[in-house]
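Lettering of chains follows the sequences in order, A, B, ..., and the numbering in each one begins at 1. Model, not experiment: these values are computed from the prediction.
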Number of protein chains: 2
Amino acid sequence: MGDQQEKDALFDALAEAAKALGNGRRAQLIDILGQGERSVDELAAEIHQSMANTSQHLQRLLRAGLACSRRSGTRIYYSLASPAVERLWRALRETAEAHSGELGDLVRAYVGDRADLSMITRDELLVRLRQGDVVVLDVRPQPEYEAGHIPGALSVPFSDVKSRLREVPQGTEIVAYCRGPYCLYADEAVRLLTDEGRLATRLEEGFPEWKATGLPIEQSATARNSPPRP
Amino acid sequence: MGDQQEKDALFDALAEAAKALGNGRRAQLIDILGQGERSVDELAAEIHQSMANTSQHLQRLLRAGLACSRRSGTRIYYSLASPAVERLWRALRETAEAHSGELGDLVRAYVGDRADLSMITRDELLVRLRQGDVVVLDVRPQPEYEAGHIPGALSVPFSDVKSRLREVPQGTEIVAYCRGPYCLYADEAVRLLTDEGRLATRLEEGFPEWKATGLPIEQSATARNSPPRP
DNA sequence: TTCTTATTTAAGTAGGTACTTGAATAAGAA
DNA sequence: TTCTTATTCAAGTACCTACTTAAATAAGAA
């Protein structure tokens, strides 16, 4: 007890969790799982990797205690092990952002110029919701909407926005949201809607931040008969 | 803009910060730097590694934006780059702790049985401080005390507790604190003081948690003429 | 200037990581 | 039972990481 070997083992174990996050593909998986549980093939498609590789990454997350899985028939659904993992992921992003330069350039390269986009904060959205003068649009892929969304939001995945324009109420301002600040779905949706003459704005952050604040969430009845975890 | 390659680069960059934490020795360095800035040789001694290896680890932390350094004469002092890094480190510990089992066993192996130790929470300490009926003892190494400590605390490094017993006021309860929950200095101090017939208790957490809560801190005038960073 | 001390750099090695491909399970459908 | 589909496992390869030792800087002291 109290010797160097045990101390090293303790810190090695802590580092193990960090290592699990220390790979771009696994970081992406954690980011996606922050939206709710997904099957291996969905995840493989999202991160553009082979099933075998994705499976191996997921098992690494499992071993590190960052994710957990459940079987449902022939599919296996992965999800984050606990809200602590989401906090860890958010802390990592904030730390990297504070390291000004590097990451900022990469974000700018990926998201492009957002100067043309109208943005709204969570607090502003809450005010507008109370006033009841906005329509909220969830433009993430369907399974993520089903796993949990902002109460009253309509699900129109970003790829369907153009074809399903008529389903979006007219004459009311639209607020689109997606996975988070690094996600482009809402950007695309807002640009498309604006081009069509609608008044559209994107929520600055995404669903996980909404959930993390403890705000109420809504789940689809069809959400793969997975009860919301305690 | 918005293509897969850029997205991968973005997540790779985020993962880079996690990778920097993804090594037991570097995790230990972050933990120590959470107490305040230290020179390379002090850090090398703390983690029981060669100067060369420690230097390389520190430079990795530098590159990842987790640490920063300043030169003072012939020495180079490293410190955490921002409070966000401390939050990241805390989030990592909490995540690993939630992954019950694994880490718990390692903590138990390292810290041993604390059933015999009297413990006090930060809130309880604040009450006692207001009442003015406790003496607070900082049992961390001297440089850490100098870099910042709980206001009014006396510095008696754990290795000196036995020899400097007479300096510790008698007849008043003693609360010892150190680096944090994984640190044994306060445990040792409390056991020693109790054996000597003193009434001693350890603070559950350590100095970084005190600081993170935004509670006031005190710095030694001799603190290596480094101004507290903004 | 030379000497000393603190730190970094360079080069080398053993072991680990991230992918690949192809085969093995495991659950359900026919 | 056999067939199909989702997932995991096993083995191989190119690259990366953590340490070592020995030499190179860089600042200050003599």
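- For CD of B:Gln5, the number of neighbouring non-hydrogen atoms (other residues, nucleotides, ligands) closer than 6.0 Å is 12 at most.
- Residues A:Lys19 and A:Val40 both approach DNA chain D. Their nearest nucleotides, taken by heavy-atom distance, put A:Val40 toward the 5′ side.
- B:Tyr177 pairs with exactly one of B:Arg202, B:His149, B:Glu205 by the side chain to side chain contact (heavy atoms under 4.5 Å, CB included) rule, that one being B:His149.
- Applying a 4.0 Å cut-off to non-hydrogen atoms, the residues of residues 47-65 of chain B that approach DNA chain D are B:Gln49, B:Ser50, B:Ala52, B:Asn53, B:Gln56, B:His57, B:Arg60, listed by residue number.
- Contact between the side-chain N/O atoms of B:Asn23 and the OP1/OP2 oxygens of D:dA18 is found at a separation under 4.0 Å.
- At least one donor-acceptor pair closer than 3.5 Å links the side chain of B:Gln59 to the backbone N or O of B:Ser55.
- Atom C1' of nucleotide D:dT7 and atom CZ of A:Arg38 are separated by 17 Å, given to the nearest angstrom.
- One can place CD1 of B:Ile76 at 13 Å from C1' of C:dT9, the figure rounded to the nearest angstrom.
- Distance alone, capped at 3.5 Å, places no donor-acceptor pair between the B:Trp89 side chain and the B:Ala84 backbone.
- A:Tyr78 has no side-chain polar atom (N or O) that falls below the 4.0 Å cut-off from OP1 or OP2 of D:dA6.
- Look at CG on B:Asp41: it is 18 Å from P on C:dT4, rounded to the nearest Å.
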Query raised in the report: So B:Asp187 and B:Arg114, salt bridge (Lys or Arg N to Asp or Glu O under 4.0 Å) or not? Walk me through it.
Result: CA-CA 8 Å; B:Asp187 293 35; B:Arg114 272 172 171 164; 2.7 Å; yes

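- Side-chain N or O atoms of A:Arg179 include none that pairs as donor or acceptor with a backbone N or O of A:Gly206 at under 3.5 Å.
- Of the possible donor and acceptor atoms, one in the side chain of B:Tyr145 sits under 3.5 Å from a partner among the backbone N and O of B:Ala153.
- For B:Arg140, the side chain to side chain donor-acceptor pair (under 3.5 Å) criterion is met by B:Gln35, B:Asp138, not counting sequence neighbours.
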Query raised in the report: Along nucleotides 25-30 of chain D, 5' to 3', which nucleotides get a B, which get an S, and which get a -, given that the test is a protein heavy-atom distance under 4.0 Å?
Result: --SS--

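- Helical stems in DNA chain D, defined as runs of 3 or more consecutive Watson-Crick or G-U wobble pairs with donor-acceptor distances under 3.5 Å: C:1-30 with D:1-30.
- Annotation: salt bridge (Lys or Arg N to Asp or Glu O under 4.0 Å) contacts of A:Arg75 (sequence neighbours excluded): A:Asp41.
- Judged by distance alone, the side chains of A:Thr95 and B:Arg87 never bring a donor and an acceptor atom under 3.5 Å apart.
- Here B:Phe207 pairs with nothing under the ring pair (Phe, Tyr, Trp, His ring centres under 6.0 Å) rule; sequence neighbours left out.
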